[in-house]
Amino acid sequence: MTAARRAEELGALLERRGAQVVHAPAIRIVPLADDADLVAATRRCLSGRLDAVVATTGIGFRGWVEAADGWGLGDRLIDRLRGARLLARGPKARGAVRAAGLPDAWSPASESSGEVLARLLAEGVAGARIAVQLHGQPLPHFVDALRGAGAEVIEIPVYRWTRPVDVEPLRRLVTLACAGEVDALTFTSAPAAASTLSTAAEMGRQRDLLAALRGRVLVACVGPVTRAPLEDHDVPAVMPERYRLGALVRELADGLAVRSPRLPVAGTELWLRGRAVVLGGALRPVPPSAMCLLRVLARRPGRVVPRGELVDALRTAPGGSQDIDEHAVETAMTRLRAALGRADVIQTVIKRGYRLSYDPLQDAPRCPGGAAERPGARR
C-alpha cells in the first residue's frame with residue numbers, strides 16, 4: 001500500500017482477505033489551515049459574488065470550511081457559497097457540501113472532473129466567477145479551460161501533497177516490487193503513483209520497477225485520475241467500476257486469482273505468491289533466496305535448470321553479490337525444501353541442476369477461458 005490517507009481502513013480490508021500488507025506511504029498530506037494562499041483565496045471569494053463552486057474532495061471541502069471558521073470567516077463563507085451554483089466531483093464531496101448546511105450539489109455519476117467541466121462549459125461561464133477547490137495539486141487543464149471560456153477562476157488550495165518525511169519505507173517497497181516479493185501495488189492517489197515512480201528513478205531502479213509493474217506485479221488503482229501517471233509509462237492497472245476502497249480490494253483479489261501461477265507438482269498443486277506459496281492448500285512462507293530459486297524453476301516447470309543459472313539468479317537478486325557460488329545454491333535449495341515441507345517437490349538432477357516435479361497430466365486448475373492448460377495441448 002502507498003496510501004497516506006485511510007491506510008488503516010485499506011489495510012484492514014486487505015488483511016481480512018488474507019493478505020500480508022506492506023505499508024509505505026508515498027506522499028504526505030500537508031494541511032494549509034494557516035497558509036497565506038488559502039486565506040487570500042478565501043478573502044477573494046468574499047470580496048465579490050460567486051457564481052459557481054466546484055468541490056473536488058470531501059476532506060478538502062470540509063477542511064476549507066473548518067479553516068474559515070478558525071479565522072472567524074466561516075459564516076460569511078457559507079453565506080457566499082449558499083448563493084452559488086454548487087458542483088461536486090463525487091459523492092464524498094457532495095456529502096461534505098451537504099454537511100456544511102449547503103444546498104445539495106450536482107454531481108456526475110462518473111465521478112469525473114471532466115464531466116463537471118463539460119457541464120460548466122455547456123451552461124456557459126463567460127464573465128462568471130468560479131471557485132475551484134483543489135485536491136492536493138493544481139488542476140491546470142480544468143482551470144485553463146474555464147479561463148479560456150471567459151471565467152474568473154479562484155483556486156482554493158486546501159491541502160497539498162509532499163514527499164514523506166521518511167522515504168526509507170517507500171524505498172524498501174520499491175526494492176521488494178523490483179524483486180517480485182510483492183504480488184500487487186495499490187494506489188489511491190495520482191501523487192502517490194508519481195512519487196513512487198520518482199523515488200525509483202532516484203534509486204536508479206525505475207526501469208526495474210516498470211518492468212515489474214508491467215509483468216508479475218499487479219497494479220490496482222482506485223480510479224482513472226490515480227491511474228494516469230502509470231498510463232504515461234505504459235503500466236497496466238486494474239480499476240474498479242466504483243471508485244471505492246472496498247471495490248478496489250475486490251478488483252485486486254479477482255485480478256490476483258487469475259495471475260498467480262498454479263502448477264501441478266508431485267501429486268498436488270503449487271501456487272506461487274510474493275513471499276509464500278500455497279502447497280496442497282496450505283500457506284507456507286518461503287525465505288527470499290529460496291523463493292528466488294523457486295521462481296526460476298517455475299518459469300520452466302519440469303525442465304532441468306543448471307546450477308550456473310541459479311547462481312546467476314541469486315547474484316542478481318536484491319542483496320546478492322558476486323561471491324555467491326554453487327554452495328550457496330545448495331544451501332538455499334535446502335531451505336526451500338524445508339519451507340515447502342516436502343522434499344519431493346524439487347528434484348536434484350545429479351551433475352546438472354534441479355527441476356520441479358511437474359505433473360502436467362494430473363487435474364490442473366482451470367484457465368480463465370475454462371479449458372485446462374496443458375503443454376502441447378491442441379487448440
Using atom types as modelled and distance alone, determine if a side-chain donor or acceptor of H23 lies under 3.5 Å from a backbone N or O of E8.
no
Strictly distance-based, threshold 3.5 Å: is any side-chain N or O of R337 a donor or acceptor partner for the main-chain N or O of I346?
yes
Report yes if some heavy atom in the side chain of L10 is under 4.5 Å from a heavy atom in the side chain of L14; otherwise report no.
yes
When rounded to the nearest 0.5 Å, the distance separating OG1 of T199 from CD of E168 is 10.0 Å
Rounded to the nearest 0.5 Å, what separates atom CZ in R307 from atom CG in L293?
11.5 Å
Can any side-chain N or O of S357 pair as donor or acceptor with the backbone N or O of D344 at less than 3.5 Å?
yes
Rounded to the nearest 0.5 Å, what's the gap from CZ on R6 to CG on L245? Could you check?
4.0 Å
Check for me, please, whether L170 and V21 land in the same ILVMFWY cluster - side-chain distances under 4.5 Å, paths through other members count.
no
Linking I/L/V/M/F/W/Y whenever their side-chain heavy atoms sit closer than 4.5 Å, directly or via other members, would L356 and M291 fall into one cluster?
yes
Under 3.5 Å side-chain donor-acceptor pair for R80 and T42
no
Backbone N or O of A192 within a donor-acceptor pair of the S195 side chain at under 3.5 Å?
no
NZ/NE/NH1/NH2 to OD/OE distance under 4.0 Å, D183 and R216:
yes
Quick check: does any side chain N or O of R129 sit under 3.5 Å from a backbone N or O of R49, one acting as donor and the other as acceptor?
yes
Crowded around R207 CZ? As in, over 12 foreign heavy atoms under 6.0 Å?
no
Is there side-chain contact between P301 and V265, with heavy atoms separated by less than 4.5 Å?
no
Just verifying a value: how many Å separate L173 CG and T2 OG1, rounded to the nearest 0.5 Å?
7.5 Å
With a 4.5 Å cut-off on side-chain heavy atoms, are L13 and R17 touching?
no
Are the side chain of R342 and the backbone of A266 linked by a donor-acceptor contact shorter than 3.5 Å?
yes
Should we say atom CG of D79 is surrounded by more than 12 heavy atoms from elsewhere, each under 6.0 Å from it?
yes
Any side-chain heavy-atom pair of E309 and Y354 under 4.5 Å:
no
So, do I156 and L38 sit near enough that their side-chain heavy atoms are less than 4.5 Å apart?
yes
How close do A151 and I130 get, counting heavy atoms only, and between which atoms?
CB-CD1, 3.9 Å
Identify the heavy atoms of D69 and G74 that sit nearest to each other, and give their distance.
OD1-CA, 3.1 Å
Could you walk me through whether R163 and E202 satisfy the salt bridge (charged side-chain N to carboxylate O under 4.0 Å, His left out) test, starting with their C-alpha distance in whole Å, then the side-chain angles of each, then the deciding distance to 0.1 Å, before giving a yes or no?
CA-CA 13 Å; R163 294 285 297 276; E202 292 170 5; 3.0 Å; yes
Give a yes or no answer on whether the side chain of R275 reaches the backbone of Q20 with a donor-acceptor pair at less than 3.5 Å.
no
Show, in sequence, the C-alpha distance, side-chain angles and deciding distance for L294 and L270, and conclude whether the side chain to side chain contact (heavy atoms under 4.5 Å, CB included) test is met.
CA-CA 11 Å; L294 182 57; L270 176 70; 4.1 Å; yes
Check the pair T186 / V222 against side chain to side chain contact (heavy atoms under 4.5 Å, CB included), numbers first and verdict last.
CA-CA 8 Å; T186 60; V222 75; over 6 Å; no
Can you confirm whether L134 sits close enough to V158 that some side-chain heavy atom of one is under 4.5 Å from a side-chain heavy atom of the other?
no
Are any of the side-chain heavy atoms of L197 and D232 separated by less than 4.5 Å?
no
Does R98, at its CZ atom, have more than 12 non-hydrogen atoms belonging to other residues, nucleotides or ligands within less than 6.0 Å?
yes
Please test M203 against D208 for side chain to side chain contact (heavy atoms under 4.5 Å, CB included), starting from the C-alpha separation and ending with a verdict.
CA-CA 10 Å; M203 297 168 62; D208 295 338; over 6 Å; no
Check step by step if side chain to side chain contact (heavy atoms under 4.5 Å, CB included) holds for T57 and K92.
CA-CA 6 Å; T57 64; K92 292 179 184 177; over 6 Å; no
Are any side-chain N or O atoms of D325 and backbone N or O atoms of A328, one a donor and one an acceptor, separated by less than 3.5 Å?
yes
So how far is it from R76 CZ to I78 CD1, rounded to the nearest 0.5 Å?
13.0 Å
Counting only heavy atoms not in R303 (residues, nucleotides, ligands), do more than 12 fall under 6.0 Å from its CZ?
no
Going hydrophobic residue to hydrophobic residue with side-chain gaps under 4.5 angstrom, can you get from L46 over to W64?
yes
Do W106 and L121 sit in the same hydrophobic cluster, where Ile, Leu, Val, Met, Phe, Trp and Tyr count as joined when their side-chain heavy atoms come under 4.5 Å apart?
yes
Side-chain heavy atoms under 4.5 angstrom apart, residues restricted to Ile, Leu, Val, Met, Phe, Trp, Tyr: same cluster for L218 and V277?
no
What distance do R89 atom CZ and F61 atom CZ have between them, rounded to the nearest 0.5 Å?
14.5 Å
Donor-acceptor check, side chain of T56 to backbone of Q133, threshold 3.5 angstrom: yes or no?
yes
Okay, side chain of R147, backbone of V153: is any donor-acceptor separation there less than 3.5 Å?
yes
Is there a side-chain contact between M333 and T348 in this structure, where contact means two heavy atoms from C-beta onward sitting under 4.5 Å apart?
no
